[in-house]
Amino acid sequence: MRLSELKNAGRTPALPMNIALEDAAGPAELQLLSLLRVLPGQRYVGAGIWRGRTVLAKLLVGPKAPRHFQRERDGVQALAKQGLPTPLLLADGLQEGEGGWLLFEFLDQAESLGDAWKSVEALPSLADEQQSVLGDALAVVGQMHAKGLWQEDLHLDNLLRQGSTLYVIDGAGIRVEEAGKPLSRQKVLENLGVFFAQLPKSLEPFTEELLVYYLLSNGEHGLPVEALQKQIDKVRSWRLRDYLIKIGRECSLFSVEDGPFALRAIRREEVASMLPVLEKADVLVEGGHLYKTGGAASVAKVDVAGREVVIKRYNIKNLAHWLKRFWRPSRAWHSWREGNRLRFLGIATPKPLALLEKRFVWLRREAFLVTEFLPGPDIIERFAPYVASGDAPEAELQALDLLFAQLIRERISHGDLKGHNVFWHNDRWSLIDLDAMCQHGSQTSFAAAFAKDRARFMRNWPADSALHQLLEQRIPTVSKAPD
């Protein structure tokens, strides 16, 4: 295969494939054995064999290939010149009309810090294992900054650990302010803002403690935590907006088809399992364990190849109901968006797996939302033994404190905070039924909506019960003070 043919290969080309390349030593074939990252029609990254050696190949095609090739090579060379650990560039080339390619040494048995973090992120905040991963990352970031470099797309997956060495990868994201001289204070704050914004908010109280690892590598500037926090908040807001755009378009995270007769969105890793579910969603709902049927919605627990999921079908009751619904986004879409929002913000909710919105020439009809199933009890069942005594377990009360603190911090109102919509799962309270959820832009509108949420939540228990009185004291209120 010629390199230029890759631009028409789609997201999952057949492997292995042989690609004709040529460097200073002459022509040779790259045997591409696996793909790690794909941007269809633009970039293919994977492992292969080149002149008898295992390599990591970055293949760049399409009209943007020359620019992407130059940025990748410039970044790799900048890292190497400053003595920063990065995989060795073995061969590269750029051919007009074909594309560009870069072959790197393959780091056998290397692990990204992103994968290392996934194995420890469920531990208590800043456990030793978490501190080890983040400390190693910040030390390398400090080394880059001390040499005048920063990584624009700074995240843990761009740092690879092999043995005791941590490598910086993705040269295309490397930027240089003044090579060999420490990065300016503003650039340091901006780049550290990108790093910390990707960490769970539960780690925010430990930002200053984590900064020590960075300062041991680069103590050039004083870094006020308040100034850094402003950068973190700025980046977090941007990342949330960007993520909520991605949930409705074809990208590496989501498979999306949007047309006049249907909108279908599936988490990329769930495509194989969810496509059959959406194709027979009606049948599955009718044959599943029904929690609710008829009216505006039908909800069923369904077994899919040994895995329990929940399918919520949003019904069209009659012509009058359809006339109210056809012209605006479906409630399934709203729940899909808000479920993804909550998970992005670290607030517990069942993972949204797939969405199907049926249409007729863009006019919306019934819709389906598929989510993970939560086996835990709801809060009414969980707290039933403590209504009279009020002696609910402190750990569960603290988890409830956390949930309300998160909602207040993000200015999120639920819209129907009855006890059956709050589930105990994995030592956290999770929210379900997100049809009316809203993240507010002003404190005034949020305070009014939160007051309704709080009042609805408290009505789950008799006002004269000990549990009601305990929760009345613990659950905060929100003022309507202006922003």
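Computed over heavy atoms, backbone and side chain alike; hydrogens, waters and symmetry mates excluded.
Remark: side-chain polar atoms of Asn460 are paired, donor with acceptor, to backbone N or O of Phe457 under 3.5 angstrom. Side-chain N or O atoms of Ser217 include none that pairs as donor or acceptor with a backbone N or O of Gly142 at under 3.5 Å. A donor-acceptor contact shorter than 3.5 Å links the side chain of Asp453 to the backbone of Gly415. Panel note: side chain Ser202, backbone Ser125; no donor-acceptor pair is recorded below 3.5 Å. The main-chain N or O of Val299 is never found under 3.5 Å from a side-chain atom of Arg313 such that the two would form a donor-acceptor pair. Of the possible donor and acceptor atoms, one in the side chain of Asn421 sits under 3.5 Å from a partner among the backbone N and O of Asp416. In this structure, His221 contributes its side chain and Leu223 its backbone to no donor-acceptor pair below 3.5 Å. Although no hydrogens or angles enter the test, the distance criterion places no donor-acceptor pair under 3.5 Å between the side chain of Glu257 and the main chain of Ala265. Here the side chain of Glu250 pairs a donor or acceptor atom with the backbone of Val256 at under 3.5 angstrom. Using modelled atom types, one side-chain atom of Arg185 and one backbone atom of Gly222 make a donor-acceptor pair closer than 3.5 Å.
Minimum heavy-atom separation, Arg428 to Gly346: NH2-O, 2.6 Å. Across all non-hydrogen atoms, the minimal contact from Tyr213 to Leu138 is CB-CB, 4.1 Å. Considering every non-hydrogen atom in both Asp157 and Asp115, the closest pair reads OD1-N, 4.0 Å. Scanning both residues, Ala297 and Lys312, for their nearest heavy atoms gives CB-CE, 3.9 Å. Considering every non-hydrogen atom in both Met144 and Val168, the closest pair reads SD-CG1, 4.0 Å. In this structure, Phe404 and Pro476 approach most closely via the heavy-atom pair CB-CD, 4.3 Å.
Between Lys234 atom NZ and Leu189 atom CG the span is 11.5 Å, to the nearest 0.5 Å. Atom CG of Asp128 sits about 9.5 Å away from atom CG of Leu123, to the nearest 0.5 Å. Remark: Arg454 CZ to Met458 CE distance equals 6.0 Å, nearest 0.5 Å. Here CG of Leu199 is found 10.0 Å from CG of Leu126. Values are rounded to the nearest 0.5 Å. The CG atom of Leu369 lies 9.0 Å from the OG atom of Ser330; values are rounded to the nearest 0.5 Å. Atoms CG and CZ, on Asp401 and Arg474 in that order, are 4.0 Å from each other to the nearest 0.5 Å.
No side-chain heavy atom of Phe344 sits under 4.5 Å from any side-chain heavy atom of Leu244. Proximity of Pro352 to Arg267: side-chain heavy atoms (C-beta onward) are separated by under 4.5 Å at one or more points. No side-chain heavy atom of Glu152 sits less than 4.5 Å from a side-chain heavy atom of Ile174. Two residues are said to be in side-chain contact when any heavy atoms from C-beta on lie closer than 4.5 Å; Thr477 and Phe450 fail this criterion. Annotation: side chain of Val140 is not in contact with side chain of Leu113 (no heavy-atom distance under 4.5 Å). Contact check for Arg264 versus Leu355: no side-chain heavy atoms found under the 4.5 Å cut-off. Using a 4.5 Å heavy-atom cutoff, the side chains of Leu192 and Val141 are in contact. You'll find the side chain of Glu226 stays beyond 4.5 Å of the side chain of Lys230, heavy atoms only.
Take Glu178 and apply the salt bridge (charged side-chain N to carboxylate O under 4.0 Å, His left out) test, not counting sequence neighbours, and it matches Lys181. With sequence neighbours left out, the side-chain hydrogen bond (donor to acceptor under 3.5 Å, both in side chains) criterion links Asp427 to no other residue. Listed by chain and residue number, nothing satisfies the salt bridge (charged side-chain N to carboxylate O under 4.0 Å, His left out) test with Glu177 (two or more places apart in sequence, or in another chain). Gln198 is linked by a side chain to side chain contact (heavy atoms under 4.5 Å, CB included) to His155, Val194, Arg239, counting only residues two or more places apart in sequence or in another chain.
Among residues at least two apart or in separate chains, ring-ring contact (aromatic ring centres under 6.0 Å, His included) pairs with a member in residues 113-149 are His145-Tyr214.
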Run Arg236 and Glu204 through salt bridge (Lys or Arg N to Asp or Glu O under 4.0 Å) and show every step you take. CA-CA 12 Å; Arg236 276 198 174 127; Glu204 245 177 39; 2.4 Å; yes
Apply side-chain hydrogen bond (donor to acceptor under 3.5 Å, both in side chains) to the pair Glu394 and Gln398, showing each step before the final yes or no. CA-CA 6 Å; Glu394 181 61 24; Gln398 289 182 8; 3.3 Å; yes
Verify salt bridge (Lys or Arg N to Asp or Glu O under 4.0 Å) between Glu357 and Arg331, making sure each step is shown before the conclusion. CA-CA 10 Å; Glu357 186 179 274; Arg331 289 175 298 148; over 6 Å; no
Run the numbers on Leu159 and Asp136 for side chain to side chain contact (heavy atoms under 4.5 Å, CB included), then give the verdict. CA-CA 10 Å; Leu159 299 170; Asp136 286 351; over 6 Å; no
Given the rule in the salt bridge (Lys or Arg N to Asp or Glu O under 4.0 Å) test, do Asp258 and Arg359 qualify, once you have shown the distances and angles that lead to the verdict? CA-CA 10 Å; Asp258 189 1; Arg359 299 168 175 174; 2.7 Å; yes
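In this structure, Lys201 does not pair ionically with Asp233, as no charged nitrogen and carboxylate oxygen lie closer than 4.0 Å. A salt bridge links Lys58 with Glu72: at least one charged nitrogen is closer than 4.0 Å to a carboxylate oxygen. Glu270 and Arg268 are not joined by a salt bridge, as no carboxylate oxygen comes within less than 4.0 angstrom of a charged side-chain nitrogen. Contact check on Asp242 versus Lys246 returns a salt bridge, with a Lys/Arg side-chain nitrogen under 4.0 Å from an Asp/Glu carboxylate oxygen. Remark: Lys418 does not engage Asp433 in a salt bridge, criterion side-chain N to carboxylate O under 4.0 Å. Taking 4.0 Å as the cut-off between side-chain N and carboxylate O, Lys118 and Glu111 do not count as a salt-bridged pair.
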Distance-only donor-acceptor pairs under 3.5 Å for side chains of residues 371-389, two or more places apart:
from   : atom 1 : to     : atom 2 : distance (Å)
Glu372 : OE1    : Lys351 : N      : 3.2
Asp378 : OD1    : Ile380 : N      : 3.0
Asp378 : OD1    : Glu381 : N      : 2.9
Asp378 : OD2    : His420 : ND1    : 2.8
Arg382 : NE     : Glu396 : OE1    : 3.1
Arg382 : NE     : Glu396 : OE2    : 3.1
Arg382 : NH2    : Glu396 : OE2    : 2.8
Ser389 : OG     : Asp391 : N      : 3.3
Ser389 : OG     : Asp391 : OD1    : 2.3

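No side-chain N or O of Glu410 forms a donor-acceptor pair with one of Gln406 less than 3.5 Å apart. Side-chain N/O atoms of Ser335 and Tyr314 include a donor and acceptor closer than 3.5 Å.
Test Arg341, Glu338, Arg411 against Gln439 for side-chain hydrogen bond (donor to acceptor under 3.5 Å, both in side chains) and you get one pass: Arg341.
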